[in-house]
Number of protein chains: 2
Amino acid sequence: MTVSRVLRNRGDVSPATREKVLEAAKTLGYVPNKIAGALASQQVNLVAVIIPSVANMVFPEVLGGISRALEETELQPVVGVTDYSPDKEEKVLYEMLSWRPSGVIIAGLEHSDASRAMLAAAGIPVVEIMDTDGAPIDAAVGISHRRAGREMGKAILEAGYRKIGFMGTKLGLDHRARKRFEGFTEALAKGGVEIQDQEFYSDGSALAKGREMTEAMMIRSPDLDFLYYSNDMIGAGGLLWLTEKGYDVPDRLGCAGFNDVQLLQGLPRKLATMDSCRQEIGRRAAEIILGRLNGDDTPTGKVELTPRINPGDTLRLS
Amino acid sequence: MTVSRVLRNRGDVSPATREKVLEAAKTLGYVPNKIAGALASQQVNLVAVIIPSVANMVFPEVLGGISRALEETELQPVVGVTDYSPDKEEKVLYEMLSWRPSGVIIAGLEHSDASRAMLAAAGIPVVEIMDTDGAPIDAAVGISHRRAGREMGKAILEAGYRKIGFMGTKLGLDHRARKRFEGFTEALAKGGVEIQDQEFYSDGSALAKGREMTEAMMIRSPDLDFLYYSNDMIGAGGLLWLTEKGYDVPDRLGCAGFNDVQLLQGLPRKLATMDSCRQEIGRRAAEIILGRLNGDDTPTGKVELTPRINPGDTLRLS
DNA sequence: ATGAAAGCGCTAACAG
DNA sequence: CTGTTAGCGCTTTCAT
């Protein structure tokens with residue numbers, strides 16, 4: 001009845017009755033039931049956001065971009081976490097889709113067949129984020145990690161480094177880290193250079209792991225002149241160790257990470273890195289959803305952002 | 001009809017029809033509509049989790065505890081973020097309650113009157129977390145930040161430090177930081193000591209801020225012999241600066257933070273700190289919700305966990 | 001073991 | 001401007 005209209009500021013309601021209803025609602029402590037509302041109106045102003053982890057520092061920033069873009073909107077983000085597991089992704093997705101959200105923002109381009117099917121069948125805008133190396137189901141916004149790896153490789157060669165070591169997460173399910181690695185080795189190969197040593201880790205405090213792995217690697221392969229880390233956290237740990245040991249960085253030895261996490265500002269030396277455009281990815285993804293929902297003819301397909309190399313203090317300039 | 005029974009493994013259904021339904025569902029890519037289900041059954045297996053921030057490192061860990069406890073359950077956490085604003089908290093809460101969750105886990109004990117009213121009226125279990133200095137609406141799990149501050153103050157005095165500086169976030173809306181500060185000054189007062197210098201910051205990279213503030217403070221008050229930081233991140237930044245400048249830590253100058261964030265493991269020196277029991281808080285909170293929902297006579301009221309001081313390398317032992 | 005019917009609390013469309 | 005009437009897609013209860 002009229003009550004519904006008042007609470008949603010819809011249609012014409014006389015200020016008098018409006019007042020009355022509002023007051024009654026307040027004194028009764030009335031909270032509308034969105035479940036019933038959603039069922040009746042067949043629309044749920046929620047955007048499902050599916051990411052691998054909240055601990056990773058990268059994703060909270062993407063989330064920030066999304067929230068900000070959705071702030072002045074009816075839409076609200078709801079996040080689900082997959083822990084980098086395709087199985088869990090499938091479950092989370094199923095769970096979220098069963099609430100009939102207005103759109104989905106999901107990290108990565110690789111999903112199980114079932115997940116892809118659900119997304120395709122959902123009949124709502126789907127934006128895959130972070131990565132553009134592959135074919136999106138609907139829309140995608142991100143960076144090309146393969147290209148990012150390649151460019152870092154190129155920059156390193158141009159700076160004159162030749163004996164290169166790599167450290168990173170186990171490359172199994174982190175597709176983006178894998179693609180960076182592939183692009184990196186590819187660029188090196190083009191310059192006739194091969195990675196001389198490499199090491200992978202799976203869990204633990206990234207800073208400490210970076211430190212340990214770096215120590216192990218420098219003992220094993222003392223003549224390395226560059227260390228490429230798959231993320232800034234292990235890179236920072238490594239750099240701390242190198243600094244303590246008195247390595248001449250970046251001349252005797254250079255190093256670089258990936259992500260440009262601002263968390264690390266304040267460390268003694270600034271690690272060379274590459275911005276992964278996290279905020280903007282979030283914002284753009286949200287905007288695409290909004291556009292689609294407004295019926296704008298937002299172009300489907302990929303939006304590829306371009307990360308820049310930030311040489312910091314640890315990459316000799318060529 | 002029968003379909004409903006199959007999908008929920010309820011009631012007696014012949015294996016034959018069961019098979020048929022399941023297959024049909026799969027080929028049709030059928031995803032049940034939880035909205036309708038929730039409306040009909042009057043129950044939503046969601047737990048609203050309301051926290052100030054996801055960027056803070058503290059809350060993701062609490063979330064981890066909650067998720068793990070809820071893993072084998074029907075319940076699913078859904079998080080809302082308040083950005084430390086009571087207004088936003090109210091909005092988020094209203095929004096979430098309108099989805100009729102089965103329970104609420106919310107950070108802190110201070111809420112607007114409206115928020116308290118909503119929580120009290122919701123008729124669902126409510127667990128306030130992180131803090132026990134105050135009166136909970138329903139149940140609470142956390143630590144006494146006042147006591148944490150007091151204990152750190154006591155430990156510092158016992159170790160013989162006397163000229164103490166404090167650095168922290170602006171104490172406006174972060175009630176827990178404020179309570180720690182109050183407890184801290186109280187303990188010092190009991191020992192006849194007063195804080196000699198203090199500085200507050202609002203935003204920016206915590207590590208960098210800690211560094212800057214420490215530098216400023218040590219220039220302004222060079223005879224300080226202890227620095228108490230309201231969190232580990234600024235503490236770590238400060239410690240890095242002190243180490244670079246060659247301060248004799250912890251003898252000439254001690255320092256300590258709060259939270260015991262594992263993120264920082266791997267820094268050259270380990271900051272003295274206090275564990276804030278984040279994981280366990282999350283787990284216990286979830287368990288209380290579960291208990292209440294199962295009708296167990298879980299005792300209402302506060303659960304106060306006891307944080308321990310971890311002296312690291314920066315607190316002289318007494 | 002299965003079908004039929006009622007209704008969850010709202011919104012949408014239409015009357016008044 | 002305001003009231004009335006149908007559902008939304010399920011679950012629940014009751015009959016078969």
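Every chain is numbered from 1, with letters handed out A, B, ... down the list of sequences. Hydrogens, waters and symmetry mates play no part in the numbers below; they use all other heavy atoms, side chains included.
- Rounded to an integer number of Å, the gap from A/Lys20 NZ to D/dT2 C1' is 11 Å.
- Comparing atom distances between the B/Ala40 side chain and each of C/dG7, C/dG9, C/dT2 picks out C/dG7 as nearest.
- The distance between atom CG of A/Leu39 and atom P of D/dC10, rounded to the nearest whole Å, is 9 Å.
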Below 3.5 Å, can you tabulate the donor-acceptor pairs from side chains in residues 121-131 of chain A to any protein atom, sequence neighbours excluded?
from: A/Glu128; atom 1: OE1; to: A/Ile137; atom 2: N; distance (Å): 2.6
from: A/Glu128; atom 1: OE2; to: A/His111; atom 2: NE2; distance (Å): 2.8
from: A/Asp131; atom 1: OD1; to: A/Asp133; atom 2: N; distance (Å): 2.9
from: A/Asp131; atom 1: OD2; to: A/Lys179; atom 2: NZ; distance (Å): 2.4

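- As rounded to whole Å, 15 Å separates atom C1' of C/dT11 from atom CD1 of A/Ile35.
- With sequence neighbours left out, the side chain to side chain donor-acceptor pair (under 3.5 Å) criterion links B/Arg176 to no other residue.
- Here B/Gln76 pairs with nothing under the side chain to side chain donor-acceptor pair (under 3.5 Å) rule; sequence neighbours left out.
- Taking five base pairs at each end of the helix from C/dA1-D/dT16 to C/dG16-D/dC1, the local helix axes there meet at an angle of 30°, rounded to 10°.
- Protein atom CZ of B/Arg100 is 19 Å distant from nucleotide atom P of D/dT11, rounded to whole Å.
- Taking the nucleotide of DNA chain C with the nearest heavy atom to each of B/Ser41 and B/Pro15, the more 5' of the two is matched to B/Pro15.
- Salt-bridge formation is not detected for the pair A/Glu71/A/Arg68: no Lys NZ or Arg NE/NH1/NH2 atom is positioned less than 4.0 Å from an Asp or Glu carboxylate oxygen.
- For B/Asn33, the side-chain atoms get nearest to D/dG9 when compared with the rest of C/dA1, D/dT2, D/dG9.
- When the side-chain nitrogen and oxygen atoms of A/Ser4 are compared with OP1 and OP2 of C/dT11, one or more of them lie within a distance under 4.0 Å.
- If you take NZ of B/Lys34 and P of C/dG9, they are 20 Å apart, rounded to a whole angstrom.
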Side-chain polar contacts of residues 21-34 of chain A - donor-acceptor pairs under 3.5 angstrom, sequence neighbours left out - could you list them?
from: A/Thr27; atom 1: OG1; to: A/Glu23; atom 2: O; distance (Å): 3.3
from: A/Thr27; atom 1: OG1; to: A/Ala24; atom 2: O; distance (Å): 3.0
from: A/Asn33; atom 1: OD1; to: A/Ile35; atom 2: N; distance (Å): 2.8
from: A/Asn33; atom 1: OD1; to: A/Ala36; atom 2: N; distance (Å): 3.2
from: A/Lys34; atom 1: NZ; to: B/Glu95; atom 2: OE2; distance (Å): 2.4

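- With B/Lys88 contributing its side chain and B/Asp83 its backbone, the two residues share no donor-acceptor pair below 3.5 Å.
- If you take CD of B/Gln42 and C1' of C/dG7, they are 10 Å apart, rounded to a whole angstrom.
- For the pair A/Trp99 CH2 and D/dC10 P, the interatomic distance rounds to 12 Å; values are reported in whole Å.
- The B/Ala36 side chain lies nearest to D/dC10 when the options are D/dC10, C/dC8, D/dT2.
- Shown here are the side chain to side chain donor-acceptor pair (under 3.5 Å) partners of A/Asp87, two or more places apart in sequence or in another chain: there are none.
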